[in-house]
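Please read the structure below before turning to the comments.
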Amino acid sequence: MTDKPDTSAADLAELKALLVQLNDRVAGLEGEIATLKASQVVPDDVVMAISAAVAAYLGHKAKVRAIHLSGGHRWATETRNRTHDRSVGRR
């Protein structure tokens with residue numbers, strides 16, 4: 001006597017149909033992921049920050065090759081405030 005479960009033709013047909021549905025769903029999801037990845041843009045400053053963090057973690061000593069000043073007004077405002085500050089203390 002063998003203890004194999006009885007698999008009828010109807011069960012096999014149902015399993016094949018379920019497998020086809022699953023394959024279609026996976027293909028659809030892979031297509032959606034591909035379109036999302038294609039439309040996703042990572043800003044350059046985020047890529048640079050991640051690269052710097054990985055390099056620092058791996059022990060790479062970075063050299064500054066270029067700097068970029070932001071166009072913000074914070075630097076000018078802070079300098080102006082320090083110039084007009086008459087209080088005695090550490091700056």
Side-chain angles (χ1 to χ4, degrees):
M1 286 172 115
T2 60
D3 292 330
K4 290 184 180 178
D6 291 335
T7 54
S8 65
D11 290 338
L12 289 176
E14 183 181 353
L15 286 175
K16 286 181 182 179
L18 289 173
L19 187 60
V20 168
Q21 285 179 347
L22 184 61
N23 282 336
D24 291 342
R25 287 180 62 191
V26 169
L29 291 173
E30 286 176 343
E32 287 181 29
I33 290 172
T35 56
L36 287 174
K37 282 185 178 181
S39 66
Q40 184 179 15
V41 177
V42 179
D44 290 339
D45 55 345
V46 172
V47 172
M48 288 174 49
I50 292 171
S51 300
V54 169
Y57 179 77
L58 295 176
H60 178 59
K61 300 290 182 184
K63 295 178 184 175
V64 177
R65 295 178 187 223
I67 60 171
H68 176 72
L69 295 176
S70 64
H73 300 287
R74 285 187 298 166
W75 181 80
T77 303
E78 183 65 29
T79 303
R80 197 174 306 114
N81 288 340
R82 285 185 182 179
T83 303
H84 296 294
D85 186 11
R86 295 178 182 252
S87 64
V88 177
R90 289 194 292 174
R91 293 185 191 176

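FYI, the numbering just counts along the sequence from 1. Values in this document were obtained by computation on a predicted structure and should not be read as measured data.
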> When rounded to the nearest 0.5 angstrom, what distance separates CD1 in I50 from CG in D45?
Replying inline: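 Between I50 CD1 and D45 CG, I get 10.0 Å after rounding to 0.5 Å.
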>> Just verifying a value: how many Å separate L12 CG and E14 CD, rounded to the nearest 0.5 Å?
In response: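 The CG atom of L12 sits 10.0 Å away from the CD atom of E14.
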>> If the condition is side-chain contact (heavy atoms from CB on, under 4.5 Å), which residues does V47 pass it with, not counting sequence neighbours?
In response: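 V47 satisfies side-chain contact (heavy atoms from CB on, under 4.5 Å) with V42, S51 only.
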> Would a hydrophobic clustering, with Ile, Leu, Val, Met, Phe, Trp and Tyr connected at side-chain separations under 4.5 Å, put L29 with V26?
Replying inline: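 As far as the 4.5 Å side-chain criterion goes, V26 and L29 are not connected within one cluster.
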>> Show, in sequence, the C-alpha distance, side-chain angles and deciding distance for L15 and L19, and conclude whether the side chain to side chain contact (heavy atoms under 4.5 Å, CB included) test is met.
In response: CA-CA 6 Å; L15 286 175; L19 187 60; over 6 Å; no
> For atom CG of D44, is the number of surrounding heavy atoms from other residues, nucleotides or ligands below 6.0 Å larger than 12?
Replying inline: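 Result for CG/D44: open.
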